[in-house]
Structures are given as C-alpha cells and as structure tokens.
J.: 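One structure is given below, represented as structure tokens, and several questions about it will come after.
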Amino acid sequence: MSASHSTADVAVVGLGRVGLPLALSFADRGLTVVGIDNDPVRLGAVRDGTMPFQETGGQALLDRVLSGAGGTSNPGRLSLSERVADAARARHIVITLGTPSFSHIEIDMRDIRSALDDLLGVLAPGHSLILRSTVAPGTTEFVAGYLAKHRGFQIGEEVFVAHAPERIAAGRFLEEIDTLPCIVGGVGARSGEVVGELFGAFEAPIVQTTPVQAELAKIWANILRYANFALPNLLMMDCERYSANVFEVIDLINRDYPRGGIAQPGFTAGTCLRKDFAFSEERSAAPGMLLAVSRVNESVPLFLLEGARRRLGSLANRKVAVLGLAFKADTDDERDSLSHKLIRLLERELADVAVHDPHVPTPTVPFAEAIDGAEVVFVASNHSEFREARTLAAIAEHAGGDCLVVDPWNCWGAAQVFAYASELAVLRPAHPATNPTRG
Ligand SMILES: NC(=O)c1ccc[n+]([C@@H]2O[C@H](COP(=O)([O-])OP(=O)(O)OC[C@H]3O[C@@H](n4cnc5c(N)ncnc54)[C@H](O)[C@@H]3O)[C@@H](O)[C@H]2O)c1
C-alpha cells in the first residue's frame, strides 16, 4: 500500500493541549483529520463534544468541527482512534505526544519511541511524519534514521520527516496558529516542502530550515524565557539578604535605561519551561549553567516559605492560604506548577494549608474559606481574579490586617514581596502595573 491510498489528510497523534487544538484547527480548515490518543477518557470527552481542558475559543471550535460546520466552505472531518497505527490512514502524521525529561538531564522519548514502533509496519511511500513535540537536538535525524534503518525508506524522497515545533502559548492557540511563523526543519531533499504544504493550511508564514536548527530554535526560545525569569528571582533572593526591595531595584534597572529590561519575579515552571532546558543540557558545552538557572527557579517556593518563617516564626498549626495552583495566569494547567511544591513544603512545616484556584480541575476550597482566619497568604499564581483590588480588601478584612501576604508577582502594585495585608492596602497604587504571565 502507498500513502496515495490515504483516506485522511492528516493524523494527529496525542490529543493533548497541543494536539487537540491542532487537530481541530486542521479540520476547521477543511482537512480530513484522524485524532489519536490512547486515553479513552480524553477521546470520550472529545466525542461527547466537551473540551477536556481550557483553551480560548476551543469549545466553540470543537462544536463547529463536530457539527460539520467547519471554517471553510468545504468542511473537514475529525474521526478518533485509540490506535497509533490508524495514523497511517492519513498522508501526513503529526506527533504531538508529551516529551518529559528524566530527572538526570535526559529527554524521555518513550512515548515517541512507542508511537514510532506502532507506525513502523504501516508507513508507506508518500507518508510524512512530523514531530510537533519539543525534542532534544538530533531527535528528528534520529527518527529519520530509525525509519531508514528498519524500513529502508529514502527519507526526503519516499517518506518525509520533519520537525515543525509547536511554539504557541496555551490559551492563545487559535490566534497564534495563524500568526506565529511556522518553523519547518525537513530531512533530505523534499521533506520541508511537503510538510510546508500541510501547514500552509494556516495563514502563518512557513520558515524552512534544517531539522537541528528547528529543534534548537524551539528549545532555546524556552531557555531564554526560563533564564530571563531566573534573574529577577535570584535578585529577589539577594534583595532579601540585603534588606532591599526587589521591585524598587528592578525599577531602577529598567527606568529610562536603554539597556535595562529585567523581568519581574514569580513562580517559573510549568510543563515546558521546567524540562525543555534539560534537552539542551544533555550535551551542553557548559554543563551546569542551565541547571543553575533551573535551581534558582525551583527554589523560589522555599525562599518564600523561609521568608514567611523569618517574619512569623514557626508555621506549624497556623492557617496558610495558597492562592493559585495553575502554573500560568488564567489557565487551568497545573502540570509542573511550583504551587504544588510550595504546598508540599508548607505541609512539611505542619502548617494548616488551604488552597484556592478558580480555574483548575483539582478540587480546591472557595476563596472566602481559604482566606478566612489565615495568618499567611501566598499568591502562587497571578490569575486576574487575584489581581483585583477587592481580593486584597477581602484578605485584609477576613484574614485580618496582620495577615502576612507573600506576593512575588506584585499583584496589587504595592511592590512588596512580604507585607502585612493592612500595609499593602495602604501602599497599593490606584492603577497597579501588571505582571506578564510566564510558563
Ligand atoms: N502545552 C503547551 O503549551 C506546549 C507548547 C509548545 C510545545 N509543547 C510540546 O508539545 C508536546 C505535547 O505537549 P502537550 O502539553 O500537548 O502534552 P499532553 O500531555 O497534554 O498531551 C499528550 C497526549 O498524548 C497522549 N498519549 C500519550 N502517550 C500516547 C501514546 N503512546 N499513544 C497515543 N496517545 C498518547 C496523552 O493521553 C495526551 O493526551 C510536548 O513535547 C510539549 O513539550 C507544549
């Protein structure tokens, strides 16, 4: 059989936060799509017409695709399967599986390897295999080599392999799929061209490059963000040591200074930033440099907890409210969030922890219950709700003016990482600056 007998245009393997919006977007542009995931609960939700996670505009897109309305005059279709081998029904196979890292600085490729092995026997000339997942440098060439070794394909002539990294931020998928340049790193003579045609379904410009350059560009964009946020986080720790105010120092660095630009402190982790640096660190010429960046970001919860303990003494048997579980503002994504680490650390202090997050699926207590009688409030996510003035007013009223508020995000513009609720209410400016989201 050859891929010219295909009954679908594109298969998307892994209907997660990247794969599902992508599959729906292809269908919305009139392509016939096979969506594949080995999680029957996820497939069931999609089949029943429910987005399994928040994505701006995602539910309306799913409704449109399932109703057959489509965004074009020629509506596409989405069919679903649990079997990776069913991807071979499509000409293009896009892999959007998770790529975590092992704890010892190495990409964990098990899901990718498993999908490759499922596909080996069913791939045929004409197929293209696209890695959309974030991968370590060299992975795309490895995949091409694996197919050549086990099936003898001429990659780039018979079967096409490329890396087209996902660079979209959660919550902005539908906006960015048509605007962010789509990087395509194809192996061999024609892979880039073939895969570029697939992504031509969207409005964004296609930028052709080599596979390893595509891999490096994706990973290093995340490393840049991760390191950018580590600097203000380290500065926050230094400021505490010198009894200085980190927000004032940042203002001094940035104000009317053409070479300023330091970011704001905060909780920096999440499913991509926390692990992508490890893919580069695997073979780094300066081993440890990015690990140090990671260690700074990872130690922010402990730094904040110790700051609270320095001011209040032991936290044992004291009520502590944690606001926010998501790693990113206004999303329901709590994977690899540092809030969980903060909560674990607080529990080890024997504090009575109450958690509130209005977005995430994990059950949390209502806001009023979380802050009622709290002696410390940690703002762990900078959700819009938390940045409202009335949130601070409610803390001052219900937790008490002498409740210590720990806010690395500067949610209310009062410019204090550690301050009592009554002080913050006085210091808060009429129009607080906003702190951009990260993760
Ligand atoms: N989430 C983001 O914002 C984002 C942004 C850019 C890049 N990325 C990268 O994209 C990739 C996917 O990320 P994600 O957040 O969508 O992950 P995810 O965990 O949300 O999705 C992976 C999906 O694959 C499914 N799956 C796992 N193993 C499978 C198998 N063997 N067969 C079929 N299905 C399988 C899971 O059930 C899940 O639904 C990762 O490499 C990530 O680093 C993510």
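Computed from a predicted model, the values in this text were never measured in an experiment. Counting starts at 1 for both ligands and their atoms, following the listed order.
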J.: For residues 182-199, run the donor-acceptor check on the side chains, cut-off 3.5 Å, and write out each pair with its distance to 0.1 Å, sequence neighbours left out.
T.:
{"unit_1": "Ser191", "atom_1": "OG", "unit_2": "Val161", "atom_2": "N", "d": "3.0"}
{"unit_1": "Ser191", "atom_1": "OG", "unit_2": "Val161", "atom_2": "O", "d": "3.4"}
{"unit_1": "Ser191", "atom_1": "OG", "unit_2": "Val187", "atom_2": "O", "d": "2.6"}

J.: Using modelled atom types and a 3.5 Å cut-off, is there a donor and acceptor pairing between side-chain atoms of Lys341 and backbone atoms of Pro301?
T.: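 No, Lys341 side chain to Pro301 backbone: no donor-acceptor pair under 3.5 Å.
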J.: Under the salt bridge (Lys or Arg N to Asp or Glu O under 4.0 Å) test, which residues partner Glu349, sequence neighbours left out?
T.: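 Glu349: salt bridge (Lys or Arg N to Asp or Glu O under 4.0 Å) contacts with Arg309.
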J.: Would you check if the distance from the ring center of Phe386 to the ring center of Phe367 is below 6.0 Å?
T.: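 Not under 6.0 Å, so no.
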J.: Which protein residues have a heavy atom closer than 4.0 Å to any atom of ligand 1, listed by chain and number?
T.: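 Near ligand 1, by chain and number: Gly14, Leu15, Gly16, Arg17, Val18, Asp37, Asn38, Asp39, Arg42, Val84, Thr96, Leu97, Gly98, Thr99, Asp111, Ser114, Ser133, Thr134, Glu166, Ile168, Lys218, Cys272, Lys275, Arg335.
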J.: Which residues satisfy the side-chain contact (heavy atoms from CB on, under 4.5 Å) test with Leu43, sequence neighbours excluded?
T.: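 side-chain contact (heavy atoms from CB on, under 4.5 Å) list for Leu43, sorted by chain: Leu15, Asp37, Arg47, Leu80, Glu82.
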J.: Identify the residue among Asn222, Val293, Ile219, Leu291 that makes a side chain to side chain contact (heavy atoms under 4.5 Å, CB included) with Phe277.
T.: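 Running side chain to side chain contact (heavy atoms under 4.5 Å, CB included) over Asn222, Val293, Ile219, Leu291 with Phe277 returns exactly one hit, Leu291.
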